[in-house]
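Worksheet for the structure shown next.
Chain letters run A, B, ... following the sequence lines, proteins first, then strands; residues in each count from 1.
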Number of protein chains: 2
Amino acid sequence: MEISIGELSRRTGVKVPTIRYYESIALMPLPLRSDGQQRRYGGAEVSRLIFIRHARELGFEVDAIRELLAMSARPEQPCAEADRIARRHMTEVDRRISQLVALRAELQRMVDECGHGRVGDCRVIETLADHDQCQHAHH
Amino acid sequence: MEISIGELSRRTGVKVPTIRYYESIALMPLPLRSDGQQRRYGGAEVSRLIFIRHARELGFEVDAIRELLAMSARPEQPCAEADRIARRHMTEVDRRISQLVALRAELQRMVDECGHGRVGDCRVIETLADHDQCQHAHH
DNA sequence: CTTGCTCCTCTAGTCGCTAGAGGTTGTAAC
DNA sequence: GTTACAACCTCTAGCGACTAGAGGAGCAAG
């Protein structure tokens with residue numbers, strides 16, 4: 001099986017320039033080339049790129065994906081490391097969720113309190129301007 | 001009241017280079033200068049920067065903050081616009097929350113099913129590699 | 001008047017792409 | 001066999017929202 005970069009893109013849902021970008025940062029390996037220097041891929045690349053896309057959708061950073069890919073290449077190793085990466089990531093996700101839930105509540109309040117008055121009375125502005133009235137999540 | 005950029009930074013929790021960056025993109029106005037060309041700020045700048053920081057923490061983009069600041073400068077206008085911005089943002093926040101909650105569940109599952117064996121049996125790796133088993137949020 | 005922190009400007013780097021210019025290859029129809 | 005045209009190539013630059021560093025000047029305390 002020899003497919004072009006466009007076909008690889010179609011099969012994985014990763015855009016063509018993004019694939020080339022992944023190659024440039026060595027997240028994807030240097031592919032074979034046709035006589036006319038066009039990239040040619042096989043099944044291994046399809047799998048690898050699906051793995052990458054999936055991990056990116058889950059919010060893993062490229063460095064974390066590199067680690068995960070390195071691990072999957074050595075299946076005899078214990079997987080504690082993969083577990084650690086996933087756990088670290090989950091902690092971060094929890095933090096983001098709680099921040100967003102707090103934010104959501106505040107936006108709701110802002111919209112609720114913004115009757116049909118004028119900006120002078122509008123809580124959207126006030127809520128954001130007032131430092132003391134709204135103490136919430138700091139990073 | 002005449003304060004330095006460092007003092008402004010301390011009072012607002014916004015880093016010094018970030019304040020200068022905000023000035024460069026005209027989110028903060030050009031400040032007064034000391035004889036030696038150092039920036040000098042007053043109370044208005046403190047309020048404005050707290051407003052900006054707060055809005056950034058809430059996830060508003062700089063352009064949205066610019067809109068909100070423009071509105072607050074014209075308090076005779078109706079606040080329908082501010083309301084519209086807040087609503088638009090809330091929809092986006094809802095979307096992000098539900099994505100993250102789904103992601104959190106999947107990470108939990110990955111970690112749970114990783115039996116601390118070898119990578120070959122690790123669900124973290126498998127889950128990422130398997131295209132069909134995990135069909136979730138696409139942007 | 002010297003020490004040493006804060007301030008200045010400027011440039012370049014970060015992350016993860018995305019867009020465009022300007023040229024070449026592959027393929028299908030004629 | 002040629003022609004048309006999509007898909008490919010490399011290269012550079014841009015996005016948002018900062019962050020880091022170099023190299024120098026200002027300022028307040030002792």
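Side chain of Arg40(A) to main chain of Pro31(A): no donor-acceptor pair is present (N/O by atom type, distance under 3.5 Å, no hydrogens or angles).
Note on Phe51(A): it does not cluster hydrophobically with Leu30(A), by side-chain heavy-atom contacts below 4.5 Å among ILVMFWY residues. Cluster membership check: Val101(B) shares its hydrophobic cluster with Met90(A), using side-chain heavy-atom separations under 4.5 Å among Ile, Leu, Val, Met, Phe, Trp and Tyr.
By the side chain to side chain contact (heavy atoms under 4.5 Å, CB included) test, Val62(B) is found to be paired with Ile25(B), Leu27(B), Arg56(B), Arg66(B), residues two or more places apart in sequence or in another chain being considered. Listed by chain and number, the residues in a side chain to side chain contact (heavy atoms under 4.5 Å, CB included) with Pro17(A) are Lys15(A) (sequence neighbours excluded). Applying the side chain to side chain contact (heavy atoms under 4.5 Å, CB included) criterion to Arg10(B), with sequence neighbours excluded, gives Glu7(B). Looking at residues two or more places apart in sequence or on another chain, you find no side chain to side chain contact (heavy atoms under 4.5 Å, CB included) involving Glu61(B).
On the nucleic acid side, DNA chain C contacts chain A at distances under 4.0 Å to non-hydrogen atoms, with the end points of that region at dG16(C) to dG26(C).
Between Ile85(A) and Met71(A) there is a side-chain heavy-atom pair separated by less than 4.5 Å.
Regarding Glu61(B), its CD atom lies at a distance of 14 Å from the P atom of dC15(D), rounded to whole Å. For the pair Ile5(A) CD1 and dT10(D) C1', the interatomic distance rounds to 12 Å; values are reported in whole Å. Between the CG atom of Leu8(A) and the P atom of dC8(D) there is a distance of 10 Å, given to the nearest Å. dC9(D) atom C1' lies 15 Å from atom CG of Leu30(A), rounded to whole Å.
Taking 4.0 angstrom as the limit, Tyr22(B) places none of its side-chain polar atoms (N or O) nearer than this to OP1 or OP2 of dA17(D).
In this structure, Ile25(B) reaches neither bases nor backbone, as no heavy-atom distance under 4.0 Å exists between it and the strands shown. When heavy atoms are screened at a 4.0 angstrom cut-off, Arg20(A) is found touching base atoms of the nucleic acid.
Within residues 31-44 of chain A, the residues that place at least one heavy atom under 4.0 Å from DNA chain D are, in residue-number order, Arg33(A), Gln37(A), Gln38(A), Arg39(A).
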